[in-house]
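Some notes on the structure that comes next.
For clarity, every value in this text was computed on a predicted model and none was experimentally measured. We name chains A, B, ... by the order of the sequence lines, and we start the count at 1 in each one.
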There are 2 protein chains.
Amino acid sequence: MTTTGEGTGQRAAAVPPAAAADLPAATVRRLPEYLRALGTLSESGVDTVSSETLAAATGVNSAMLRKDLSQLGASGMRGVGYSVANLATHIAGVLGLTKDSRVAIIGLGHLGQALARYPGFSERGFDIVGLFDADAGIIGKDLDGLQVRDVALLARAVRDEGINIGVIATPGAAAQHVADLLVDAGVTSILNFAPCVLAVPQGVAVRKVDLAVELQILSFHEHHKTLSRPETDV
Amino acid sequence: MTTTGEGTGQRAAAVPPAAAADLPAATVRRLPEYLRALGTLSESGVDTVSSETLAAATGVNSAMLRKDLSQLGASGMRGVGYSVANLATHIAGVLGLTKDSRVAIIGLGHLGQALARYPGFSERGFDIVGLFDADAGIIGKDLDGLQVRDVALLARAVRDEGINIGVIATPGAAAQHVADLLVDAGVTSILNFAPCVLAVPQGVAVRKVDLAVELQILSFHEHHKTLSRPETDV
DNA sequence: ATATGTGAAGGGGTTCACAGCA
DNA sequence: TGCTGTGAACCCCTTCACATAT
C-alpha cells in the first residue's frame, strides 16, 4: 500500500499474493457495487472491461476505480482492460464470499419477513438459516420452509448452526437486548434495522440501515429545492 | 450516492437567519439521528441536553455535534446545554419535516409490501399515498387500506395526489424504467432499493439502499477477522 | 494507440484544544 | 465551574494528469 512506513521494519517480500488487509472503508463500500456490475457484464457475454466502462456502470470515477482495484492486488492489462471473470473472482475473494455466510434474522414483523424472503440474499451467497422472534403469535410460523423460533433459542442456534451474521429487525426497544444475545453467543457481525444506536464490544462490526433516515435526507433536499432558487445556472 | 445537482452557485453573504442552505452532506446524514435521539430524550422527560450526552446517544464525537448544530443556526446555552424541544423543532424544520411528504412505492414484492406497512414511515411524517406495480397478480391487492394500482397510472397519480417522493422496490431490470416515469412526472426525490445505478437528470436526488451490499461489507470484516490475528492488543 | 497504475494536488470531514460566555 | 462555539491540525478520500506498459 502507500503508507508502508519508510525505513523501519521492511518485511521480506511481505505483501501477500492477493492482499486485502486494511482496505480503506470507502473502497470496501464500493466493492460490492463493482461485483454486481461485473456480474451483469458477465451475463452479457463481455469478458474484458475497461476501468472507464466499469466506472460508468457503478457511478464512480475511473481513476478511483483503478486505485481501488490496484489496492486489491488486482491487475488489469494495459491497453486492454480487466478480465471480467478474474476480477469478479478476485473481489469475491476479498469480500470473503467464497464461503457462504450463515445468517439469522431476529424480529419477524413486516420488515423481518420481507428480509427473510428477499431473494437477493441467497442469490449472493447469504444463507438465511434462522428466524427468531419473541412474540408467541409469530413463533412457529413458517416462512418459505423455515420456522420462526423462540428468541430464547438463539444463542444455542448460533453455536450449533454456525450462524455468523445477525440481522436485527425488531422494534428499537428490543434491539440492544438482541444485540447482547448475539454478541454473547459469539456473533461478530450485525446488521441493524432498528432505529437506535447499538453498544457492542470492540471487534464486533455493526452496520445500521434506517429506512426512515433515508427518507428524511431526501426530505431535506426536497425542502431546499423548493426554498432556494431553482438552479438558474448549469 | 446522492445525485443532488448542487450548482456551483456562489451566493453573496446570504446566510439567512436560521440558515441551512448548503449543509455538508455528512451533516445532513446525521441530522435524522440527532432528531431520533432527541425524541427519545423528550419522552424521558429530559428538557435540556449537553452535546456530550447527545453525542453519546448518537454515536458521534461531541465536537462534531456542536459543529453540526452551529451550522444549523441552532444555539445552545453555554454552561447549560441545548433545549431538547427547541433543538428538535429546529432540526425538523431544517429537514423539511414540518409538512408531511407524500410517498409512492413502486414494486410490491415482499420488500415493497414490507415498506408499505412499515410503521416508521408514517410515524415520522411520511405518508404513503400510492402503491404501484406492473404485475397483474398484485394490482388490486389491498395493503392496510391502500390498493395497489397499475404502474401505468403512476404519472397521473404523481400530479393529482402531490406525490413528491418515489420509492423503487422493483427488480433491478425494471428500476430504470420506473425512475424515468417518476422523473418525467416531476418527482425529484427517489429512494432506490433495486440493485442498480439509476441515471437521472441533474436536480433529482437519488439515494440507494442495497441490503445485500450491507451484508457483503459485513462479510468482508468477518472474513478478515478470521484471517488476521484477533486483536492481540487494545 | 490504448488503457492501466500512481504521484501530487485539492477538498472535506473529523478531532483536538482552547477561547469565550452563562 | 461547565459547556458551547470554533480556529487549526490532521487524516482520509477523490480527482487530475501523466508516466508506463502492451
Side-chain angles (χ1 to χ4, degrees), chain A residues 1-6 15 18-31 33-34 38 41 46-84 86-87 90-91 217, chain B residues 1-4 6-8 10 15 18-31 33-34 38 41 46-84 86-87 90-91 217:
Chain A
M1 252 124 297
T2 42
T3 341
T4 338
E6 313 292 316
V15 190
D22 49 335
L23 293 173
T27 297
V28 174
R29 239 192 337 239
R30 286 186 292 264
L31 294 184
E33 214 56 55
Y34 300 153
L38 286 168
L41 287 169
V46 179
D47 51 38
T48 297
V49 65
S50 70
S51 64
E52 201 70 48
T53 303
L54 186 55
T58 53
V60 306
N61 179 295
S62 66
M64 197 164 65
L65 171 64
R66 290 195 296 277
K67 199 157 273 191
D68 282 343
L69 296 185
S70 83
Q71 274 174 325
L72 300 189
S75 51
M77 296 165 279
R78 297 190 192 221
V80 181
Y82 298 86
S83 153
V84 171
N86 289 354
L87 190 49
H90 197 122
I91 293 177
I217 296 173
Chain B
M1 286 301 158
T2 29
T3 322
T4 327
E6 307 283 337
T8 40
Q10 200 177 21
V15 190
D22 49 334
L23 293 173
T27 297
V28 174
R29 242 195 331 246
R30 286 186 291 264
L31 294 184
E33 214 57 56
Y34 300 153
L38 287 168
L41 287 169
V46 178
D47 50 38
T48 299
V49 65
S50 71
S51 64
E52 201 69 49
T53 304
L54 186 55
T58 52
V60 305
N61 178 293
S62 67
M64 198 164 64
L65 171 64
R66 290 196 296 278
K67 198 157 276 192
D68 281 344
L69 296 185
S70 83
Q71 275 176 320
L72 299 190
S75 51
M77 295 165 281
R78 296 186 191 225
V80 182
Y82 298 86
S83 154
V84 170
N86 289 354
L87 191 48
H90 197 120
I91 293 177
I217 296 172

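Looking at heavy-atom distances under 4.0 Å, A:Ala26 makes contact with sugar-phosphate atoms alone, never a base.
Residue A:Ser75 has no polar side-chain atom (N or O) positioned under 4.0 Å from OP1 or OP2 of C:dG5. An OP1 or OP2 oxygen of C:dA3 is reached within less than 4.0 angstrom by no side-chain nitrogen or oxygen of A:Ser51. Distances shown here put a side-chain N or O of A:Tyr82 below 4.0 Å from the OP1 or OP2 atom of C:dG5. Using a 4.0 Å cut-off, some side-chain N or O of A:Arg30 falls inside it from OP1 or OP2 of D:dT14. OP1 or OP2 of C:dT4 has not a single side-chain nitrogen or oxygen of A:Ser70 nearer than 4.0 Å.
On a pure distance criterion of 3.5 Å, a polar donor-acceptor pair joins the side chain of B:Lys67 and the base of C:dT15.
Atom CG in A:Leu65 sits 6.0 Å away from atom OH in A:Tyr82 (nearest 0.5 Å). Within the model, atoms CG of A:Leu72 and NE2 of A:His90 stand 5.0 Å from one another, a figure rounded to the nearest 0.5 Å.
Going from atom CG of A:Leu65 over to atom C1' of C:dT6 covers 14 Å, rounded to whole Å. Between B:Gln71 atom CD and D:dT6 atom P the separation is 10 Å, expressed in whole Å. B:Leu69 places its CG atom 10 Å from the C1' atom of D:dT4, with the value rounded to the nearest Å. One interatomic measurement links the two molecules: CG of A:Asn61 to P of C:dG10, which rounds to 17 Å at whole-angstrom precision. As rounded to whole Å, 15 Å separates atom C1' of D:dT6 from atom CG of B:Leu72. Between B:Leu87 atom CG and D:dT4 atom P the separation is 11 Å, expressed in whole Å. To the nearest angstrom, C1' of C:dA17 lies 17 Å from CE of B:Met64. Whole-Å rounding puts the B:Glu52 CD to D:dG2 P distance at 13 Å.
Both A:Arg66 and B:Gly76 lie near DNA chain D, and the one whose nearest nucleotide falls closer to the 5' end is B:Gly76. Both A:Thr27 and B:Ala74 lie near DNA chain D, and the one whose nearest nucleotide falls closer to the 5' end is B:Ala74.
For A:Arg78, the side-chain atoms get nearest to D:dA19 when compared with the rest of D:dA19, D:dG5, C:dT15.
Scanning all heavy atoms of the two residues, the minimum distance from B:Glu33 to B:Thr58 falls at O-CG2, 3.5 Å. Between A:Ser62 and A:Glu52, the shortest heavy-atom distance links the atoms OG-OE1, 3.4 Å.
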| task | Kindly indicate, with the supporting measurements, whether the criterion side chain to side chain contact (heavy atoms under 4.5 Å, CB included) is fulfilled by B:Leu69 and B:Ile91. | result | CA-CA 9 Å; B:Leu69 296 185; B:Ile91 293 177; 4.3 Å; yes
